[in-house]
Structure formats: structure tokens, C-alpha cells
There are 2 protein chains.
Amino acid sequence: MMKLVPIAPLDTDPVPDLCRACKARNRGICGALNASQLSELTRRAHRQVVEPGKTLLDAEQPTSNYSNVLAGVVKLSKMLPDGRQQIVGLQFAPDFVGRPFSPESSLKAEAVTSTVLCTFPRQLLERMISESPELEHKLYLQALDELDDARDLLLTLGRKTARERVATFLLMIARHSPHADGNDEGGTGFELPLTRAEIADFLGLTIETVSRQLTKLKGSDVIRVEQNRRIRVPDMELLEAETGD
Amino acid sequence: MMKLVPIAPLDTDPVPDLCRACKARNRGICGALNASQLSELTRRAHRQVVEPGKTLLDAEQPTSNYSNVLAGVVKLSKMLPDGRQQIVGLQFAPDFVGRPFSPESSLKAEAVTSTVLCTFPRQLLERMISESPELEHKLYLQALDELDDARDLLLTLGRKTARERVATFLLMIARHSPHADGNDEGGTGFELPLTRAEIADFLGLTIETVSRQLTKLKGSDVIRVEQNRRIRVPDMELLEAETGD
DNA sequence: CGGATCCTTGAACCTAATCAAGAAATGTGG
DNA sequence: CCACATTTCTTGATTAGGTTCAAGGATCCG
């Protein structure tokens, strides 16, 4: 049975086309917005495709825009004054990229692959947060997930061997791969979004060590390296057994 | 001048004595609650002093209670099946300890010092979150801070030397010490809440390495070790210079 | 095809781990 | 309060996993 409720005047806006076509619409934070809020967001947001290396947020710099990742991968990294670098997180669709309630980011956010983003002004989002508890709730849930991820990575960096780290990374990518070919003849295949240097920066290793461990995992028949960036895992359980947990 | 506002019937409850005396009341998440909410929370919360080693949340176990830290220090840790351990966070007053929206914790929370807690049922908090956006906002802010801390630690574990890690840890503790004696004759003095073994688990090192680096920092006149747990920093800038950032 | 970037492999080195012992601090019961 | 047991911490010797330095091979792209 239908309830009769007064129609809020602002809610007569239709869902914008941009959002209607957005794959992240119902999984990401925008799912918390009503049509009028979506409409306002859309008026000031734009969809863009950015190339690898494009910086979205810069450490110690005032931030003017936040983004949602619609496709591709974004890395979050920190750097010491002497140049040592650590990747502290990877973001996939439909993740939100930004640090609400702080005028500047403490880290750098950079596209690692060709990436599709929905970008909008920082202040607009912060205003919408204050108007929509539902939106803040979604952001909170994402923050909690990122916290779990960060702490898993802490265990990896603090206590795992090089081989275990590489296996852990491969498993993580496999699980995030949308087109990881299922169990056809040769197990699961997927593409690494990161270069060896980036994998090293993620795992707290050097590029040489990453390369050597991939070679050794190949030698143990845990993986096959079909091309530099293309990995195949014949038996996912074998890979899981290499992660240490 | 006083404003005349209608008094919400439920808000006639006075602020409970337990909360009135709570030092964390206005800094922690309870600051987001009105008198009636506080009153309900208090009815089902209890203040307790727990001894070092007491487990508050256990990995892979359903959690029935959350807590606020009122005094003391709580460690959050993860363990691999073979026993390797990593501390992934330290919580001080007035931090909230718990993982909302997840029936079980992915980590273990344990008192490291004698600790004062305000403990209450998990489901009560989750119900109050759904009723109070202000409360969820405070929790979100804390989660964002914990995320920043976790990512700082990632940089430490992934890229710093043993000496830099120990210096980074000492600086962190110094900054969290309420009774760090100010700049009397000998600089800043404070108490380490953790054993050497726990410091090692926090920094991804062994107990021997922590001990050796403390000895070396002493040899370089960056710190003085007055007792095992008592450190003095003659010049805080010297210590900062050892952290690598 | 040529140049640049990315990746692999080898050899030497080094930092931190491991193994081992003893010293200092803490706690306990007489 | 002291003697003893236990835990915690320090120090030394050795080992090993990963880094650094160096060179050569793939791969990619104009």
C-alpha cells in the first residue's frame, strides 16, 4: 500500500543522466544522496579520464577537489624528506578519494592506471555531509574498511617475509580484478595494475627483491608470468598458502 | 542573554554523575550525546579498572562490548597462524575501542597498562549510532585519525631503519604523555607504557634490536634511560632529527 | 628501427634476526 | 627486609634475508 507523503519540492529533480549511467552509483557514496542532492552534485562535478601518474591530491597541499573512482586504480603514498616512498593504500571503484575535515591531505593520491573519476569541489562535499547523515554513514563505512586494509598491510610490512609479501599482494590484486578469468583451463589470470617499482613501494621492498620473488614463485609453480604485467594462478589455494596467513 | 526554548521531554534527565565526573566526557564520543542518551548509556555501562594483559576484543570472536579508554593504554594487534605478531595501533584516552558494523573484530584489543574503561554493550552503541548523527560524526572523525596514524606507521614499517623506528616510537609516546615533565633542568621525561617486547611488536623489530637501538641513542646523547621504562629527552629536536621525517 | 623504460639476474655487502649467555629489575614468601 | 625465583633487559657472536651495485635482456612506443 502506498503512503501519502508531502513531496519535497527539491526532490522533483530527476536523477541526472550522468549518475544514471554511473556504475558506482549504487555501490559508492552517491547511493546515499537523493535526486536533488545528486542533481546539485552533478552540476558541479565532472567525469574525467586521467592518465597514469596524474596527481589527485598532494601531500601538504591544500585540496580543492575530491573524487570517486569509477574505473582504474589510485595509489595513496607517503614520502620521507630523503625520497624514500611507501604506498599506504590502493583505491578501486567505487572508492571515494579524499580526506574530509582536513584542509590538506597528509598523503599523495595518484592514478596508477588510466582511471575514470567523478570529481567535485571539496567544500561541496563537506556541506553535503553536514546535510546528509546517510552520506556521512557511507563515508564512515568506507573509512572503517580502509582502516582494516591499512592494518592488514601493517601486519604484512611488519612481520612477513619477502615471499609472503609478494604472494599477499598478488592475492589482493586477484581478488580486486573484475575480469579475472574464472576457472578456465589454466586457473585465474589477471593484470597487475602496478609496475615492479610500485609493487616494491607497496610492500616495503626493493624492485629487485620483488622481481626475484616473482621468479621464485614461478619456479615453485604457484604462478605463471605470462607477460610482465600478466599473471596466471593455476591454483588459488596454493597462492593462499604462500601468504603466511 | 538567555534563550527560551521548549524543553524536550526526554532531555529532562540530568547528566549522570558517572559522566559528569568523566574526564573524557567532552573530548570523547560521549560529547555527542544529549542528557537522555547519556543517561541510557550510563544505565548499561560500567566503569572498570583492568590490569595489563586483559583482553577487550578478540580476533575472530564475536564482540559483545565496546569501551572508551578513560586512562591508560590499549594495544590493537594482529597475529599470523604461526604466532608472529604485529601491534597495529595504540589507543589512549579518550579513544573509543571497537569496530562498529562488524559482528566480530579482526584484531585483538588488550590493555597494556592498568587501564580505566567505560564499557557498554555493542548493540546499544549501534542503536545509538542510528539515532544520533552527531555520535556517528564523532566516531567517523576518530576513524579518520586512526587511519592517519595507521598510515604513518606503514611508512615507518615499510621504509625506516631500526634506529629511526625507535626514535619515531619514543617521540610518539612523548607526545602522548600527559605527565611528560616539561622543560625542567633535564628536558622532557616520560614513562614507556610498553615492554621492549611490545615495542618490538609495534615496530616490526625484535626485542634485541630495540634494546640495541635504545643503547645507541643513549650513546649519541639523544636520550637518557633513567630506568628501564623511564626515558628522558634532553632536547626534543635532537630526537625529532632521528625519526627520518 | 632506435631509444627509453621496465624487468631480471648476479655478486658483494649490510642491517637486523637468531642464538646464546648473563645482568638488572621485579615480585614473592619467609 | 632479605633471599630467591622469575621476568625483563642487555650484550656478544654468528647467520641470513634483503639491499645495493652492476650489467644485460625484454618490452614498449614513437
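Here is how names work: the chains are called A, B, and so on, in the same order as the sequence lines, proteins then strands, and each is numbered from 1.
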Side chains of residues 45-55 of chain B: which donor-acceptor partners sit under 3.5 Å, not counting sequence neighbours?
residue : atom : partner  : partner atom : Å
B:Arg47 : NH2  : B:Leu18  : O            : 2.9
B:Gln48 : NE2  : B:Thr119 : OG1          : 2.8

Could you encode protein contacts along nucleotides 21-30 of chain D as a string, one character per nucleotide from 5' to 3', using B for base contact, S for sugar-phosphate-only contact and - for no contact, with a heavy-atom cut-off of under 4.0 Å?
-> B-----S---

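For A:Asn68, the side chain to side chain contact (heavy atoms under 4.5 Å, CB included) test picks out A:Ile29, A:Cys30, A:Leu70, A:Phe96, A:Cys118, A:Phe120, with sequence neighbours left out. For B:Asp148, the side chain to side chain donor-acceptor pair (under 3.5 Å) partners two or more places apart in sequence, or in a different chain, are A:Arg99. Considering only residues two or more places apart in sequence or on other chains, A:Arg122 meets the salt bridge (charged side-chain N to carboxylate O under 4.0 Å, His left out) condition with A:Glu126. B:Lys75 is linked by a side chain to side chain donor-acceptor pair (under 3.5 Å) to B:Glu198, counting only residues two or more places apart in sequence or in another chain. Partners of B:Arg159 according to the side chain to side chain donor-acceptor pair (under 3.5 Å) rule, which considers only residues two or more places apart in sequence or in another chain, are A:Asp201. Residues passing the salt bridge (charged side-chain N to carboxylate O under 4.0 Å, His left out) test with B:Asp152 are A:Lys78, sequence neighbours excluded. A:Arg175 is linked by a salt bridge (charged side-chain N to carboxylate O under 4.0 Å, His left out) to A:Glu240, counting only residues two or more places apart in sequence or in another chain. Partners of A:Arg84 according to the salt bridge (charged side-chain N to carboxylate O under 4.0 Å, His left out) rule, which considers only residues two or more places apart in sequence or in another chain, are A:Asp82, B:Glu164.
Residues from residues 195-205 of chain B placing a heavy atom under 4.0 Å of any atom in DNA chain C, listed by number, are B:Gly204, B:Leu205.
Salt bridge annotation for A:Glu146-B:Arg151: present, with a cationic side-chain nitrogen under 4.0 angstrom from a carboxylate oxygen.
Comparing B:Leu214 and A:Thr161 by the nucleotide of DNA chain D whose heavy atom lies nearest to each, the residue mapping closer to the 5' end is B:Leu214.
Extent of DNA chain C lying under 4.0 Å from chain A heavy atoms, first and last nucleotide in 5' to 3' order, is C:dC7 to C:dA11.
Taking atom CZ of A:Arg165 as the reference point, atom P of D:dT19 lies 8 Å away to the nearest angstrom. In this structure, the CD atom of B:Gln213 is 14 Å from the P atom of D:dG12, given to the nearest Å. One interatomic measurement links the two molecules: CD1 of A:Ile207 to P of D:dT19, which rounds to 12 Å at whole-angstrom precision.
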